[in-house]
Asker: 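Let me begin by handing over the structure; questions about it come next.
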Amino acid sequence: MRATVTRPGPWTHRHITAGGTRFHVVLAGPEAPLDTTGTAAGAPGHLVILLHGFPECWWTWRHVIPALADAGCRVAALDLRGFGGSDRPPSGYDLMTLARDVAAVVRALGHDHAAIVGAGLGGQVGWTLACLEPELTVGLIPIGAPHPLAVRSLPMRTVMGSTGQHLFFNIPLLPERSLQTTAGVERLLRSWAAPATRPLVTEAAEYYAALLSRPGAAHSALENTRRSTLTRAEIQVLNRPTTVPVLSVQGEFDPVQPARAHARDTHHVAGILQQVTIHGVGHFPQEEAPDRLVDVLLPFLTELARPAQQADAKTAPLPAERSPRTRRRPWRASFIRRPAGTARRRSRRTARSGGRGHDTPSSRAQ
């Protein structure tokens with residue numbers, strides 16, 4: 001299989017050197033926000049960084065990039081170090097280094113702030129960046145990625161996916177060989193997708209396997225996945241409450257991250273937190289239901305361009321029907337929003353215990 005990173009499409013490819021590492025970035029959309037007379041009136045004005053998860057690359061956003069660009073967003077889909085067309089250095093796969101990579105790329109693109117959309121591993125990097133450099137992060141949208149400390153606070157939930165998969169990933173050489181084959185990548189993608197949408201995810205398996213077949217690529221991609229613990233520096237940074245607005249997206253049938261972990265995000269966010277469940281999908285909403293995901297992303301990204309309105313929302317008095325505990329600590333309030341636009345406030349019982357509510361998926365793990 002021949003690995004060709006720069007696939008054609010309604011985007012441009014660039015290689016950017018930031019912090020001594022060379023990164024592959026896919027760019028689309030207007031370089032400046034469109035005004036009210038443009039074809040995308042009221043479009044979000046911030047740079048939108050798209051971060052993929054394991055074992056994918058920028059191609060996982062192939063359906064989302066054109067939709068966001070058509071809406072007026074300036075989009076940059078980044079290959080994290082070790083993935084896609086970016087460098088594969090021998091070290092630097094901890095969340096702190098990956099977050100600093102993203103910050104360096106944002107600045108290399110000529111921006112001083114950006115909205116971060118991250119799936120899986122990319123979402124964990126986004127959480128870390130929001131704590132590490134909140135002045136650079138205007139908003140965070142983790143997809144299938146609860147706060148890293150929320151995941152590790154659950155009993156027996158220190159690893160991603162099933163215990164069997166985690167043990168397999170830590171076997172020397174064998175996982176690398178599996179990821180270099182279309183069949184191996186397809187098995188992994190199928191196991192993390194919803195049953196009804198598996199064909200939509202596995203159609204990219206050959207491309208991902210081709211990229212992972214390059215020298216050292218599979219080993220680099222597995223570096224972070226093999227880590228079951230956080231460093232002291234990572235814990236210290238992630239213990240800071242996230243102050244930027246957060247829209248957390250979860251697939252209804254995501255077998256990788258449990259609903260209980262998403263519920264515990266409320267303990268790590270000191271600002272606006274919205275939580276959305278996309279029904280009928282698994283761990284890859286950007287591939288399983290890209291149109292519905294874009295419908296969720298665009299209203300939030302548009303609101304990020306209205307800082308004055310957000311400031312008013314943060315200081316507005318809370319409704320009288322909230323519980324006394326919630327009134328005293330408004331930053332713990334969490335909302336479940338369906339793609340259709342209706343909203344329901346998560347009950348205190350569900351938010352604390354992770355129990356199943358009407359709009360919250362049950363906890364599932366492989």
Side-chain angles (χ1 to χ4, degrees), residues 15-26 47-61 76-109 111 113-137 139-152 158-160 169 208 211-212 216-240 242 244 246 256-257 268 286:
H15 285 88
I16 297 174
T17 300
T21 304
R22 190 167 178 261
F23 296 95
H24 171 239
V25 184
V26 174
L47 173 68
V48 180
I49 296 287
L50 303 179
L51 304 177
H52 61 86
F54 172 84
E56 302 173 312
C57 63
W58 72 274
W59 186 246
T60 191
W61 303 107
L78 169 66
D79 281 342
L80 297 170
R81 68 165 60 201
F83 292 88
S86 295
D87 280 353
R88 303 182 294 276
S91 62
Y93 296 94
D94 58 285
L95 295 179
M96 293 277 288
T97 304
L98 294 174
R100 291 193 179 102
D101 286 345
V102 176
V105 169
V106 170
R107 296 187 174 103
L109 290 171
H111 295 260
H113 54 266
I116 308 299
V117 182
L121 172 60
Q124 296 181 43
V125 174
W127 280 110
T128 308
L129 180 61
C131 295
L132 188 64
E133 295 203 38
E135 70 285 350
L136 181 140
T137 312
L140 171 64
I141 307 178
I143 301 172
H147 192 280
L149 295 183
V151 175
R152 286 159 175 80
T158 60
V159 299
M160 180 176 63
F169 289 148
Y208 297 143
L211 295 177
L212 291 168
H219 179 78
S220 297
L222 283 162
E223 282 288 318
N224 188 274
T225 303
R226 285 169 163 162
R227 300 174 69 237
S228 59
T229 60
L230 297 174
T231 64
R232 182 176 299 179
E234 288 172 317
I235 294 174
Q236 183 177 3
V237 168
L238 289 167
N239 267 326
R240 304 170 189 169
T242 303
V244 306
V246 178
V256 179
Q257 300 293 0
H268 302 280
Q286 69 275 13

Asker: Hey, does L222 have a side-chain heavy atom less than 4.5 Å from the side chain of F54?
Answerer: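 They are in side-chain contact.
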Asker: For a quick test of reading the model, state the closest non-hydrogen atom pair linking D79 to H52 and the distance between them.
Answerer: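 Looks like CA-NE2, 3.7 Å.
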Asker: What's the verdict on side chain to side chain contact (heavy atoms under 4.5 Å, CB included) for R81 and T97, showing C-alpha distance, side-chain angles and the deciding distance?
Answerer: CA-CA 10 Å; R81 68 165 60 201; T97 304; 3.7 Å; yes
Asker: Do you know the tightest heavy-atom contact between A108 and A18?
Answerer: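 Smallest interatomic distance, heavy atoms only, reads CB-CB, 4.4 Å.
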Asker: Looking at every heavy atom in both W61 and A77, which two are closest together, and how far apart are they?
Answerer: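 Heavy-atom minimum between the residues: CD1-CB, 4.3 Å.
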Asker: Work out which heavy atom in C57 is nearest to a heavy atom in L211; give both atom names and the distance.
Answerer: SG-CD1, 3.5 Å
Asker: Is S86 close to L80 at the side-chain level, that is, under 4.5 Å between some pair of heavy atoms?
Answerer: no
Asker: Please say which of L51, L140, I143 ends up in a side chain to side chain contact (heavy atoms under 4.5 Å, CB included) with V117.
Answerer: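 The side chain to side chain contact (heavy atoms under 4.5 Å, CB included) with V117 is passed solely by I143 among L51, L140, I143.
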Asker: Applying ring-ring contact (aromatic ring centres under 6.0 Å, His included), which residue pairs with at least one partner in residues 88-107 are found, sequence neighbours left out?
Answerer: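 Sorted result for residues 88-107: empty, none.
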Asker: Would you name the heavy atoms of E135 and H113 that are closest together and state the gap between them?
Answerer: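 Minimum heavy-atom separation between E135 and H113: O-CB, 4.1 Å.
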Asker: Go through the structure and list residues passing side chain to side chain contact (heavy atoms under 4.5 Å, CB included) with P148, not counting sequence neighbours.
Answerer: L95, Q124, W127, R152, L230, L238
Asker: Testing V105, L47, I49 for side chain to side chain contact (heavy atoms under 4.5 Å, CB included) with H111, which one passes?
Answerer: L47
Asker: Given 3.5 Å as the limit, does a donor-acceptor pair link the side chain of D94 with the main chain of M96, or not?
Answerer: yes
Asker: Can you name the ring-ring contact (aromatic ring centres under 6.0 Å, His included) partners of F23, sequence neighbours left out?
Answerer: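 Partners of F23 under the ring-ring contact (aromatic ring centres under 6.0 Å, His included) test: none.
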Asker: Measure across L212 and A221 and return the closest heavy-atom pair with its distance rounded to 0.1 Å.
Answerer: CD2-CB, 3.8 Å
Asker: Between L78 and V102, does the side chain to side chain contact (heavy atoms under 4.5 Å, CB included) criterion hold? Intermediate values first, please.
Answerer: CA-CA 8 Å; L78 169 66; V102 176; 4.0 Å; yes
Asker: Can you name the residues that form a side chain to side chain contact (heavy atoms under 4.5 Å, CB included) with T231, not counting sequence neighbours?
Answerer: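 Counting only residues at least two positions away or on another chain, T231 forms a side chain to side chain contact (heavy atoms under 4.5 Å, CB included) with R227, A233, E234.
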Asker: Please list, chain by chain and in numerical order, all residues satisfying side chain to side chain contact (heavy atoms under 4.5 Å, CB included) with H219, sequence neighbours excluded.
Answerer: E176, E223, R226
Asker: Tell me every residue that passes side chain to side chain contact (heavy atoms under 4.5 Å, CB included) with A103, counting only those two or more places apart in sequence or in another chain.
Answerer: R107, L129, E133, L136
Asker: Classify the ring geometry between H268 and H147 as parallel (under 30°), tilted (30 to 60°) or perpendicular (over 60°).
Answerer: parallel
Asker: Calculate, to the nearest 0.5 Å, the distance between atoms CG and CD belonging to L121 and E56 respectively.
Answerer: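 Separation between the atoms: 11.0 Å.
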